[in-house]
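Here is the structure we will look at, set down as structure tokens.
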Amino acid sequence: MVRHRLIAVLLLMVVAPLVLMAWLAMRVARTEQLQLQQTHRRLLADQLGGFERRIVELLQERQRQLTDQIDPSNTNAEQIRALVETLPILRQVLVLRPSGARVHPPDLALCSEDERSFVQRARQLLDEHATLGLSERSSGSMASRSGSGWYGWFWDSGLNLAIWQRAATGHFVAFELDRHRLLADIVGVLPDAIEAPRGLQRRRVALLDTRGMPIYQWGGYKPPDGANPTVSVRLTAPLRAWRLQSFVHPDFLPESVGRSAWLNMVAATVLVGLALLALGIYLYRESTRSARDARQRVSFVNQVSHELKTPLTNIRMYSELLQERLGGQDTTTDRHLGVVVAECERLSRLIENVLSFARQQRGALKLRRNPAVVDEIVAQVVEAFRPALSGKGVQLSFAAGAPQPVSIDADVLRQIVTNLLSNIEKYAAGSGPVTVESQQQANRITLTITDSGPGIAERDAKRIFAPFVRLGSRVDEGVAGTGIGLSISRELARLHGGDLVLADRSERPSADTSSGAAFVLTLTAIAAQAQIEER
Amino acid sequence: MYIKNSSIVAAAGLGCLLTAGLAHSSPVSLRVQSSQRVLHADKPQTVYLKIGLEGQSVVERVTRAPINVAIVLDRSGSMSGEKLRQAKKAAIAAIKRLNARDIVSVVAYDDVVRVLVPATKVSDKRQIYRAIRRLTAGNMTALFAGVSKGSREVRKFMSDNRVNRVVLLSDGLANIGPSSPDALASLGRSLLKEGISVTTIGLGLGYNEDLMYKLASASDGNHVFVEHPKQLARIFDREFNELMSVVAKDIHVTIDCPPHVRPLRALGRQARITAHRDKAGRTLRYRVRARLNQIYGGQQKYLLLAVRVPAQTVGTELGLGRVRVRFADTSTRSRRQLAGSTTVNFSASHKDVAASENREVMVAVTEQQATENTERAVALRDQGRVKEARKALESNAAFVRGTGKKFRSSRLNKLADEVDKDVENLSESDWGAQRKRVLHRRSRVRRQSKW
């Protein structure tokens, strides 16, 4: 179980930083990518702006070229026709009197076919010319309006442009541009596919008309049909209906620059992940090693105890046989044999405890219930300890109160009581009377052992039940013991459905007012049918 | 002493005459003729005025004017293979004939335009050939942009003394940028104003002949239909021959008609007809203006005008109009002017009227009218009205043959035969291709060229 938790913790240790790192890196990469895209788009837009400037300059040049070419108050048809003949950009000219009457083209009967169709074409211009150049400050009189500018209108599925000018006299002149010539001139100032700088080999720039059809394009890259442009810029007036668009080869977009950054990020994450994993595995092995070592030690101890058990059983058996055979002959012999047997018993108890402890560590403690009488078992142990204890100035008395046979694990009961009395032997020597009291209520067995020893301080009350804990021996010298007695006793009691606790002083039998300790053992028994077995 | 003086004077006088004669030797001679010298009296009628400009034969000229030419090649996908190979060969062969005073540029277009050789003096020919040879086929066709860039290259070195031309070769349909015949015609007109003509060479049966023809005719260039790539070399050769034979440039023709004489239209050429009121403010006086870009040595270009003459009494002599021609002499780089006119008489005698017909003028008029008839027939066929188209062509053939017989003109007889052949082409299933064959004669007639 511990192992699983350890693995879970280590996995978390490995995965959590990785996830965090990956998330952070992704955020950073995303932000960087967005910024790159922004910058790239800005650059492209700037470049398009540069091309747009060329177009604007061309238009301004045309405007300069045409403005003031005619003095509308003092001109005639021949002069205007000669001008139209000479200037390639000029298609036709409209001249109006301040009253709005047409000066040129003249009377339709006098016009050429081109001029007649121009009058048709310029219908919209004729209608709207009065509003051109109107400023808010104007008081409305014709004479106050002047200026020049551009006028565009749609004719025959295309944009038609004219440069208009209003003279101080109030005359109005409009120079209609040949829109195909204008486009040809624009194509002239824009790059061709070779003149373009090398960078343009991965790009394409297209100039689109009002219908969104490309009218001119350059650059080495041919985008697939229906591809969206990377950047699109509208031209300024008067060509606001036109657009410049930039297409970039996908390999050169920042999106794919991000792709290599992704690769770096993934590589870094993987490396860090591997490092963390290695660390995790190392830590795991380290911690399990100590667990493994511990298990090895326990296993060793277990083995040793098992090994000891067999010879010990023999020693004990033959010592008891000897006791029977030589008993009563010689006090010295009796005494010597008594010591041997007692020590054997002690050794035996110790080994039992260790084996139980080992089993408990493995989680292999098991109860074996059989019908038994509690008082009989307790009495046996009490009698076994009586000689040793009285030799140390401790008088044992047993108040039996559990005569009914019940189904219990007799060995467990015996082991616990033995441990308790053994402790008394170690810690409460020469202290006075020790009372053992048993009670039986339904399925509950209660055993109280009270001594007159030095007692156990409150701060130690919990500690003593922890394994390997031995209380300081300022009172006793040479106290032996493994410190597992109480621990294993409690475990066994709990296994048996009960508990082993140190009694509060207030819970003591009223008869006893000494300073010693009182241990209360409770067990849960199962009612058994009578039948006491022969021992 | 006396004899010496007189001989000196004589010699000086002769010298003056000679130099005067040489100095006044115009590269172009003007001839104004009417289709009839005698008209019916007492009724209004239509008469044709032919203004002919003949270029002096090149042999007599010393040096030719330098050429400033842009070669614009279509490299769209359809040109790949034999067509492009032959085109490159033809271009290189033509450039070989240029000298160091000439300027050439080469522009290639597919969906984008590449200026392969920016306008440069023809000094390092090898580099130019290399650039041309490297050309490979591409994809779509930005014809408008190609012509725009080509004309821009020509503009770089444009000057009064150079012959400025764009030679466009295309085999396909323009599909990027403006691609309607009117759009290209508009561009052509604007180029003519600054003295650049566009010659269009249509290769194969897949191009738009209306577009190519209108571009050429609007800019006073040549349009040629070439069916097989192998013919390209010869076409380029002829074109460059013409370029090298230009004797006059920037020709403005103005015809001022007397009161009541009304020009109706020009045949086979663009002309602008305007009017103004005379000083009294009542009578309309018409003026016709036309523009030609060049006159070639040894060739005649003409302007044919249909004119409506009012009823005049017997014995009246009426001037049909005062013709003025202004042009630039390419050898002297000076501007010159020619003037001419013609008159008609009125008679009650039908015989006199008939006898006065001018054969030369009538042949030209017939040719131009026949071409117009063919165009109308083609328009009918375009609409799917095959029967009407056929009838129109057949009556056209009859008309031409009739006039040919009347004037004993072998030229017209040949023309009638060709019109007969066209009738067969009308019913072909692949009309798009056949159209070119039917219309190809139009370019020849309108070009007023020998070839």
Side-chain angles (χ1 to χ4, degrees), chain A residues 76-78 80-91 104-116 156-158 177-196 200 204-209 213-223 225, chain B residues 107-118 131 138-140 142 144-153 155-156 175-180 182-196 215 250 252 254 265 270-277 284-289 291:
Chain A
N76 58 56
E78 283 313 303
I80 295 173
R81 283 171 183 147
L83 189 65
V84 170
E85 279 285 295
T86 340
L87 295 180
I89 191 64
L90 188 55
R91 195 163 173 200
H104 187 90
D107 219 333
L108 288 182
L110 308 178
C111 285
S112 70
E113 216 178 298
D114 275 351
E115 287 164 351
R116 259 178 253 133
D156 197 14
S157 69
L177 303 184
D178 182 324
R179 70 172 186 230
H180 296 109
R181 177 47 184 252
L182 181 63
L183 179 58
D185 287 346
I186 288 174
V187 169
V189 298
L190 292 173
D192 77 314
I194 288 186
E195 177 195 319
L200 219 58
R204 170 152 296 188
V205 184
L207 176 65
L208 285 82
D209 66 4
M213 306 292 294
I215 39 184
Y216 182 60
Q217 52 192 0
W218 68 98
Y221 163 59
K222 181 162 172 25
D225 288 331
Chain B
V107 174
Y109 67 92
D110 56 335
D111 61 336
V112 291
V113 182
R114 286 177 172 80
V115 179
L116 295 181
V117 180
N139 33 61
M140 309 246 277
F144 185 92
V147 175
S148 301
K149 284 287 187 189
S151 58
R152 177 170 173 261
E153 291 304 308
R155 222 166 279 129
K156 284 182 186 172
N175 46 27
I176 293 184
S179 40
S180 69
D182 287 332
L184 272 302
S186 191
L187 178 61
R189 270 194 298 274
S190 78
L191 290 174
L192 177 60
K193 283 187 193 174
E194 57 185 331
I196 302 176
L215 172 57
D250 301 334
H252 295 255
T254 316
R265 64 192 185 93
Q270 291 294 313
R272 280 171 298 287
I273 303 171
T274 57
H276 67 276
R277 296 193 193 278
L284 286 177
R285 299 283 301 265
Y286 285 92
R287 169 175 283 186
V288 181
R289 261 177 288 241
R291 183 96 159 66

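What you see below is based on every heavy atom in this structure, not just the backbone, and it leaves out hydrogens, waters and symmetry mates. Convention: sequence-line order gives letters A, B, ...; per-chain numbering from 1. As the structure is a prediction and not an experimental result, all values here were calculated from the model.
Partners of Ile273(B) by side chain to side chain contact (heavy atoms under 4.5 Å, CB included), not counting sequence neighbours, listed by chain and number: Pro263(B), Tyr286(B), Val288(B). Applying the side chain to side chain contact (heavy atoms under 4.5 Å, CB included) rule to Leu192(B) yields the partners Asp220(B), Arg291(B), Asn293(B); only residues at least two apart in sequence or on another chain are considered.
By number of non-hydrogen pairs under 4.5 angstrom with chain B, the leading residue of Ile215(A), Leu90(A), Thr86(A) is Ile215(A). The most heavy-atom pairs under 4.5 Å with chain A, out of Arg287(B), Glu153(B), Arg189(B), Arg285(B), come from Arg287(B). Ranked by heavy-atom pairs under 4.5 Å with chain A, the list Leu184(B), Leu284(B), Val115(B), Ile176(B) is led by Val115(B). Annotation: maximal heavy-atom pairing with chain B below 4.5 Å, among Leu110(A), Asp209(A), Val187(A), occurs at Leu110(A). Chain A forms more heavy-atom pairs under 4.5 Å with one residue of Ala183(B), Pro178(B), Ala145(B), Pro118(B) than with any other, namely Ala183(B).
Within the 4.5 angstrom heavy-atom criterion, only side-chain atoms of Arg81(A), from C-beta onward, approach chain B. Within the 4.5 angstrom heavy-atom criterion, no atom of Asn76(A) approaches chain B. Of the two parts of Ala142(B), neither the backbone nor the side chain holds a non-hydrogen atom closer than 4.5 Å to a non-hydrogen atom of chain A. Residue contact with chain B, scored on non-hydrogen atoms closer than 4.5 Å, is absent for Asp156(A). Using a 4.5 Å cut-off between heavy atoms, Arg155(B) contacts chain A through its side chain alone, with no backbone atom that close. Interface residue Leu183(A): backbone and side-chain heavy atoms are both found under 4.5 Å from chain B.
Looking at Arg116(A), its side chain does come within 3.5 Å of a backbone N or O of Leu108(A) through a donor-acceptor pair. A donor-acceptor contact shorter than 3.5 Å is absent between the side chain of Lys193(B) and the backbone of Glu85(A). Of the possible donor and acceptor atoms, one in the side chain of Gln217(A) sits under 3.5 Å from a partner among the backbone N and O of Asp111(B).
If you check the side chains of Ser112(A) and Arg272(B), you find no donor sitting under 3.5 Å from an acceptor.
Arg204(A) places a side-chain heavy atom less than 4.5 Å from the side chain of Val112(B). Side-chain contact between Tyr216(A) and Ile186(A) is absent, with no heavy atoms from C-beta onward closer than 4.5 Å.
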